[in-house]
Amino acid sequence: MSEAVRRFTRALYEFESDAPAKVEGALSGALCRMPDPFGECDAAGVRAVYEGLAQAWPDMERRAYISIAGDDEHGGTWVGEGGFYTGTFEAPWLGIPATRRVAHMRFHEFFRVEAGRITEIQFAWDIPEVMMQARAWPLAPSLGREWCVPGPATCDGLGPHDATRSEASRQHIVDMLMCMKKHPAQGGPELMELERFWHPKMAWYGPSGIGTGRGTTGFRRVHQIPFLKAMPDRGYAAGDIRYHFFAEGDYVGVTGWPNMLQTLTHPGWMGIAPPGKHVEMRSLDFWRLENGLIRENWVLVDLIHLYSQIGVDVFERMGEYVDGGAPL
């Protein structure tokens, strides 16, 4: 891991008063891709976001349970971290009402590193998770289980790991995704060969708004079947996406920003009426393999960005839900 990434992570774990300034210094000159509603910004913009979050969560800290590094298929070097921010929710944030209780927000953050410097950082934050803790999520309930998603069952997500095993893990995920995309374009779900890639007790930790599913049956019920019914052209635009796969030991990360492009043409996914629109999704994912099979999969999708593409302002609707709406 580069020293710049260490400065970033150390500042946010301790999170003293100078933490936002240290974050700005670590990201100086980097392309910063934040989740909606923040969008793309520079290091000073990231600093402002953390200053706002710290005002709401004054005892905030960042806890990572996955930290991996590796080279992608294009020769780029990436560091991927997953975990959660936590603190006492003392004041409103983004219009989300304070709970005066401990809050948590899952994160996946990927850093592109060149010559020891961070040149790009991608943030996936589970902001809907914070809304749910404040009882302010204004949209459809999840099909899966909502909870504080756990770290790796093996408690070994912080590396370092063997390079040969890393490459085998990366190839396993690439092969799995190639088979996954055969359905529904080329035929039924048997083409995905799920038993070849996934452990019988696998856990799929989806973003809040979708939730967690256990086993391939649970994964398909809470996410994949509704997703593919709504967007059956999944995978058709794969050639328009530049993926970045990197691995360390039994762990694999992937990003694309976006890494999914499809058309929302049918009902059934998250209660969304099909607008017939082409949408993009930003998903930062981690997998953990165990005995050659995927045992855990952490997935964070910027659902607020997805909703904005189909004309739903989640924050405006949340304000109406929390405040009872504007006077007639």
Side-chain angles (χ1 to χ4, degrees), residues 34-39 49 52-53 55-57 60 84-108 123-149 204-213 221-227 229-231 258 260 262 264-284 298-328:
M34 299 208 76
D36 274 16
F38 307 115
V49 171
L53 181 56
Q55 289 175 4
W57 300 9
M60 184 183 79
F84 59 93
Y85 289 91
T86 187
T88 309
F89 198 169
E90 295 283 9
W93 181 59
L94 300 177
I96 306 171
T99 65
R100 309 296 296 275
R101 292 175 172 81
V102 174
H104 53 82
M105 178 175 68
R106 189 154 60 118
F107 73 82
H108 291 175
F123 296 82
W125 286 0
D126 201 345
I127 296 174
E129 179 177 43
V130 183
M131 295 178 178
M132 290 180 184
Q133 291 165 69
R135 299 182 181 180
W137 176 242
L139 300 173
S142 306
L143 296 181
R145 168 76 165 132
E146 295 291 359
W147 58 334
C148 183
V149 167
W204 186 84
Y205 307 121
S208 295
I210 297 175
T212 290
R221 182 172 62 241
V222 307
H223 174 59
Q224 192 193 51
I225 291 173
F227 182 90
K229 281 184 176 179
M231 294 171 282
M260 289 180 280
Q262 52 262 319
L264 191 44
T265 53
H266 294 75
W269 186 55
M270 298 198 304
I272 297 173
K277 282 190 172 183
H278 196 61
V279 295
E280 66 174 36
M281 294 187 199
R282 304 164 179 169
S283 179
L284 307 185
W298 295 263
V299 177
L300 272 186
V301 182
D302 190 346
L303 293 182
I304 292 174
H305 175 64
L306 178 280
Y307 277 112
S308 71
Q309 294 174 73
I310 59 172
V312 178
D313 186 328
V314 175
F315 293 96
E316 180 182 26
R317 183 167 173 80
M318 180 189 67
E320 295 171 348
Y321 179 70
V322 170
D323 298 333
L328 297 176

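For E90 and R100, the salt-bridge test passes: some basic side-chain N is under 4.0 Å from an acidic carboxylate O.
Here the two rings, on F107 and W125, have centers that are 6.0 Å apart or farther. Taking the six-membered ring for Trp, Y321 and W137 have ring centres at least 6.0 Å apart.
The closest donor-acceptor contact from the side chain of Q133 to the backbone of E129 lies under 3.5 Å. The backbone N or O of L284 sits less than 3.5 Å from a side-chain atom of H108, completing a donor-acceptor pair. Under a 3.5 Å cut-off, the side chain of Q262 and the backbone N or O of H278 do not form any donor-acceptor pair. The backbone N or O of T99 lies less than 3.5 Å from a partner atom in the side chain of R101, making a donor-acceptor pair.
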Test log, rule side chain to side chain contact (heavy atoms under 4.5 Å, CB included), inputs I210 and L143
CA-CA 6 Å; I210 297 175; L143 296 181; over 6 Å; no
Are W57 and T88 close enough, and set up right, to give a side-chain hydrogen bond (donor to acceptor under 3.5 Å, both in side chains), and what steps lead you there?
CA-CA 5 Å; W57 300 9; T88 309; over 6 Å; no
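By the side chain to side chain donor-acceptor pair (under 3.5 Å) test, W204 pairs with N297, sequence neighbours left out.
Within the 4.5 Å cutoff, the side chain of W93 has heavy atoms near those of the M105 side chain.
Ring planes of F84 and H104: perpendicular class, angle over 60° (limits at 30 and 60°).
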